[in-house]
Asks: 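Please find one structure pasted underneath; my questions will follow.
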Amino acid sequence: MIESIHGGYSVQGMEYTRQGRAGSFNTQPSDSTYSVDISDSGKLVSAFFSQMGVEYTPGQAISLQDLKNALENSKEDVSDTVNSLLLENDISPHPPIELTTDQKGVIRVKGKHPQKSEIEKLVNETPGLANDFRKTSALSSLVREADKYNEFAKAYEQDPYAAVAKYSHMFSRFQAQDKEFSMTFDGG
């Protein structure tokens, strides 16, 4: 027998565990509306793109072009900061300086440069610059992988089996980083 529902609905709080931490998601009825308490991790996720410099409208999709625009803005900001630092500290951008990060996220000068150690110390000790460089690197990786996905999606529309065979490396959990991020500064 099916019983009808009388009255109204009442949302109950629920407890959950995520990575060994207990937390809660509670809703409280307030007249005819409900409120939701969002966990700290949920708030971090919702702020991710704004912290990456991606302009977006909450609740709207973020396009690849939005990510590319944020990447270009981030590259310009980092480039302006580094070029100013070089000028202020009498460091010549000739030969050009190529910056990258090592496995620990420390900014390094790639290759040989006569002032390599001075440059590395300067960029790593300048407040915010190292994080801005890593943010630019992360956006670059995200855009590169999104472009790869778009290529795969187009190929998949034409021939799913051939696309999976051609792009099977995308499905490997252990794929190697095929291109490391770097920026070159030549004073321009």
Side-chain angles (χ1 to χ4, degrees), residues 11 14-25 27 36-82 96-112 120 123-124 128-186:
V11 179
M14 66 179 178
E15 295 294 319
Y16 69 94
T17 302
R18 178 171 159 70
Q19 296 178 352
R21 287 196 217 163
S24 65
F25 174 85
T27 58
V36 177
D37 294 327
I38 306 215
S39 69
D40 289 339
S41 60
K43 290 174 186 173
L44 286 173
V45 169
S46 69
F48 173 77
F49 283 108
S50 64
Q51 291 173 0
M52 295 295 283
V54 178
E55 293 182 21
Y56 74 103
T57 303
Q60 300 293 318
I62 295 173
S63 70
L64 180 55
Q65 190 58 52
D66 293 335
L67 295 174
K68 287 179 177 182
N69 291 342
L71 175 60
E72 288 309 309
N73 291 338
S74 188
K75 281 181 177 180
E76 284 179 28
D77 291 346
V78 169
S79 184
D80 290 347
T81 302
V82 170
I97 301 162
E98 186 174 1
L99 298 179
T100 190
T101 54
D102 65 14
Q103 294 290 335
K104 294 181 180 179
V106 177
I107 299 175
R108 300 288 183 202
V109 174
K110 194 171 184 179
K112 295 180 181 180
E120 288 178 351
V123 296
N124 283 297
L129 178 58
N131 282 337
D132 288 345
F133 188 84
R134 287 186 287 267
K135 175 182 79 173
T136 305
S137 176
L139 277 169
S140 176
S141 297
L142 186 58
V143 166
R144 184 176 59 250
E145 295 305 314
D147 280 336
K148 284 183 194 176
Y149 168 77
N150 283 339
E151 291 173 18
F152 166 74
K154 287 177 186 173
Y156 190 86
E157 286 178 0
Q158 300 301 313
D159 184 351
Y161 294 106
V164 170
K166 181 177 180 180
Y167 294 95
S168 63
H169 64 279
M170 292 176 63
F171 306 108
S172 171
R173 289 182 45 194
F174 303 106
Q175 61 180 306
Q177 179 77 10
D178 62 344
K179 184 178 181 197
E180 77 178 12
F181 176 77
S182 68
M183 288 181 72
T184 302
F185 303 90
D186 58 9

Asks: How about Ser74 and Asp132: do any of their side-chain heavy atoms sit closer than 4.5 Å?
Replies: no

Asks: Report the residues that fulfil salt bridge (charged side-chain N to carboxylate O under 4.0 Å, His left out) with Glu76, sequence neighbours left out, ordered by chain and then residue number.
Replies: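 Listed in chain order: nothing, the list is empty.
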
Asks: Mind checking whether Leu99 and Phe133 have side chains closer than 4.5 Å, heavy atoms only?
Replies: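 SC-SC contact between Leu99 and Phe133 confirmed.
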
Asks: Heavy atoms, side chains only, cut-off 4.5 Å: are Leu67 and Leu142 in contact?
Replies: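 SC-SC contact between Leu67 and Leu142 confirmed.
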
Asks: Could you give the distance from CZ (Arg134) to OG (Ser140), rounded to the nearest 0.5 Å?
Replies: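 Between Arg134 CZ and Ser140 OG, I get 15.5 Å after rounding to 0.5 Å.
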
Asks: Do the charged groups of Asp147 and Lys68 touch, with an N to O distance under 4.0 Å?
Replies: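 Answer for the salt bridge query: yes.
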
Asks: When rounded to the nearest 0.5 angstrom, what distance separates CG in Asn124 from OG1 in Thr101?
Replies: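 Rounded to the nearest 0.5 Å, the CG-OG1 separation comes to 10.0 Å.
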
Asks: Is the closest basic N to carboxylate O distance between Glu145 and Lys148 below 4.0 Å?
Replies: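 A salt bridge links Glu145 with Lys148.
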
Asks: Of all the heavy-atom pairs spanning Glu120 and Arg108, show the shortest one and how long it is.
Replies: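 Looking at all heavy atoms of both residues, the closest pair is OE2-CA, 3.4 Å.
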
Asks: Once you round to the nearest 0.5 Å, how far does CZ of Phe152 lie from NE2 of His169?
Replies: 10.0 Å

Asks: Once rounded to the nearest 0.5 Å, what's the spacing between atom CE of Met52 and atom CG of Asn73?
Replies: 13.0 Å

Asks: May I ask you to test the Thr136-Leu71 pair for a side-chain heavy-atom distance under 4.5 Å?
Replies: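 Answer yes - side chains close enough.
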
Asks: Roughly how far, to the nearest 0.5 Å, is the OG1 atom of Thr100 from the CD1 atom of Ile107?
Replies: 9.5 Å

Asks: Tell me, do Asn131 and Lys135 make a side-chain contact under 4.5 Å, heavy atoms counted?
Replies: no

Asks: So which heavy atom on Gly53 is nearest to which on Ala70, and how close?
Replies: O-CB, 3.5 Å

